[in-house]
Amino acid sequence: KQKPEIAREAFIQGALLEEGKRHHQEGEEHPYALSVAILLVVFVFFLIFGIFVHSAVAADVTVVALDLSLTSAGENWSQNIHAIEDVIATLTPGSRFVVIPVAQDSFSQAVILDARLSADPGLFGERLTAGKQALLKIWREKSKALAASAKKTDLFGAFAKASILFTESPDFNPILIMLSDMRQDGRGYDFEGQQRIDSHTLDQVAKSGLIPPLPGVRVWIHGVHAQGISEIYWFSLRTFWTEYLRRANATLITFSPHRRIHYE
């Protein structure tokens, strides 16, 4: 008589045992699924945040002034040409890149190269890399037609040219790179024929209206070699251009005979 009751109780106990096992397994799977979901949300958040921050940061406008005068011929010339390749390697997404000549009447000379990289670097930076490679190829072709043959060195005109280019891209971070020995020869000023740059020369240059506005511009000056000059002359040259740029409201970062290209 008790067998049906025993069977019913055994059935109920077995069903409850299986139900408990099922809830236990679901409880183990649920935290794992929740963890995966949280990680996915965090990944998407940081991806969107990174894209937003990248788009919010202003791109650079990098102007390189290349000295085409005779005093930059020979080894200095080849080093300057190669230095521009190094500059291209440092460019950031969306940057504008311009190369201008330093020659006679530099302000009126046409730009040598004016290009802009895509603001989209690609998911893994592949578009930025491809853009730099294309720009490097263009520069190498352009440089083949150039030579250090100009009889004058109009640095004042080059600074004025750069000033205009920066006003064309007001929302960009302005960077000016001078590849020159920085010996002005023209506009009534001949730095070549002096033993040292007189302290009153800058006042005369300012009165002549030859200091253009360069607000917020960071300046790197490379290739200021010491061949054929004394250390007294070299340091007076650095003093002159340091004060020149200060009056132009620019910031001189480097004034060096070397060409170690590291821009931030």
Side-chain angles (χ1 to χ4, degrees), residues 63-81 83-84 99-109 111-112 146-166 175-214 217-261:
V63 176
V64 180
L66 177 62
D67 198 335
L68 302 181
S69 62
L70 289 169
T71 56
S72 295
E75 183 180 354
N76 291 307
W77 173 254
S78 60
Q79 290 179 358
N80 286 343
I81 293 296
I84 294 180
V99 180
I100 62 175
V102 177
Q104 185 170 348
D105 300 323
S106 298
F107 184 77
S108 62
Q109 298 289 327
V111 300
I112 298 172
L146 301 175
S149 57
K151 296 180 180 180
K152 296 290 183 179
T153 309
D154 180 20
L155 291 159
F156 298 145
F159 279 115
K161 185 83 169 182
S163 176
I164 297 299
L165 291 169
F166 290 132
I175 295 174
L176 177 58
I177 302 167
M178 305 292 294
L179 294 172
S180 171
D181 59 14
M182 301 305 291
R183 304 177 199 179
Q184 172 71 27
D185 182 16
R187 303 289 190 93
Y189 296 91
D190 181 11
F191 289 6
E192 291 283 353
Q194 300 182 32
Q195 296 298 316
R196 62 184 299 169
I197 309 303
D198 187 270
S199 59
H200 300 294
T201 302
L202 185 61
D203 292 331
Q204 297 172 1
V205 170
K207 290 179 181 179
S208 300
L210 296 176
I211 303 180
L214 295 167
V217 179
R218 292 179 297 159
V219 184
W220 283 260
I221 300 178
H222 291 286
V224 193
H225 64 80
Q227 298 169 11
I229 63 173
S230 67
E231 67 274 18
I232 295 175
Y233 177 89
W234 193 92
F235 283 110
S236 72
L237 196 64
R238 186 179 68 175
T239 299
F240 173 86
W241 290 114
T242 300
E243 180 62 18
Y244 178 93
L245 290 170
R246 189 192 67 79
R247 295 194 187 190
N249 292 318
T251 301
L252 178 61
I253 306 298
T254 299
F255 189 94
S256 172
H258 307 117
R259 299 168 182 81
R260 300 186 183 98
I261 308 300

Could you walk me through whether Arg183 and Gln194 satisfy the side chain to side chain contact (heavy atoms under 4.5 Å, CB included) test, starting with their C-alpha distance in whole Å, then the side-chain angles of each, then the deciding distance to 0.1 Å, before giving a yes or no? CA-CA 10 Å; Arg183 304 177 199 179; Gln194 300 182 32; over 6 Å; no

Worked check of side chain to side chain contact (heavy atoms under 4.5 Å, CB included) between Asp181 and Glu192: CA-CA 10 Å; Asp181 59 14; Glu192 291 283 353; 4.3 Å; yes

Any chance you could measure [X], atom [atom1], to [Y], atom [atom2], to the nearest 0.5 Å?
X	Y	atom1	atom2	result
Ile229	Ile232	CD1	CD1	11.0 Å
Glu75	Asn80	CD	CG	10.5 Å
Leu146	Ile112	CG	CD1	5.0 Å
Asp105	Asp154	CG	CG	6.0 Å
Arg247	Asp203	CZ	CG	5.0 Å
Thr71	Gln227	OG1	CD	10.0 Å

Do [X] and [Y] make a side-chain contact, defined as non-hydrogen atoms from C-beta onward lying under 4.5 Å apart?
X	Y	value
Thr251	Val217	no
Trp77	Leu66	yes
Arg246	Trp241	no
His222	Trp220	yes
Ile100	Val63	yes
Gln109	Pro101	yes
Ile84	Leu179	yes
Phe191	Leu155	no

Answer with yes or no whether the side chains of Asp185 and Thr153 bring together a donor and an acceptor at under 3.5 Å. no

Would you kindly say whether Thr254 and Ser256 are connected by a side-chain donor-acceptor distance under 3.5 Å? no

Polar side-chain atom of [X] near backbone of [Y] as donor-acceptor pair, under 3.5 Å:
X	Y	value
Ser208	Leu210	no
His258	Arg260	no
Ser163	Pro213	yes
Gln184	Gly186	yes
Thr242	Arg238	yes
Ser236	Ile197	yes

Tell me whether Arg187 at atom CZ has more than 12 heavy atoms from other residues, nucleotides or ligands lying less than 6.0 Å away. yes

Would you confirm whether the ring centroid of Phe255 sits within less than 6.0 angstrom of the ring centroid of Phe235? no

Do Phe156 and Phe107 have ring centres separated by under 6.0 Å? no

After noting the C-alpha distance and the side-chain angles of Val205 and Ile211, does the key distance pass the side chain to side chain contact (heavy atoms under 4.5 Å, CB included) rule? CA-CA 7 Å; Val205 170; Ile211 303 180; 4.1 Å; yes

For Lys161 against Ser106, the heavy-atom pair lying closest together: CD-O, 4.3 Å

Where Ala248 and Pro212 come nearest, the two heavy atoms and their spacing: CB-O, 3.2 Å

Applying side chain to side chain contact (heavy atoms under 4.5 Å, CB included) to Met182 and Ile221, what does each step give before you reach the verdict? CA-CA 8 Å; Met182 301 305 291; Ile221 300 178; 3.5 Å; yes

Do the ring planes of Tyr244 and Phe159 sit parallel (below 30°), tilted (30 to 60°) or perpendicular (above 60°)? tilted

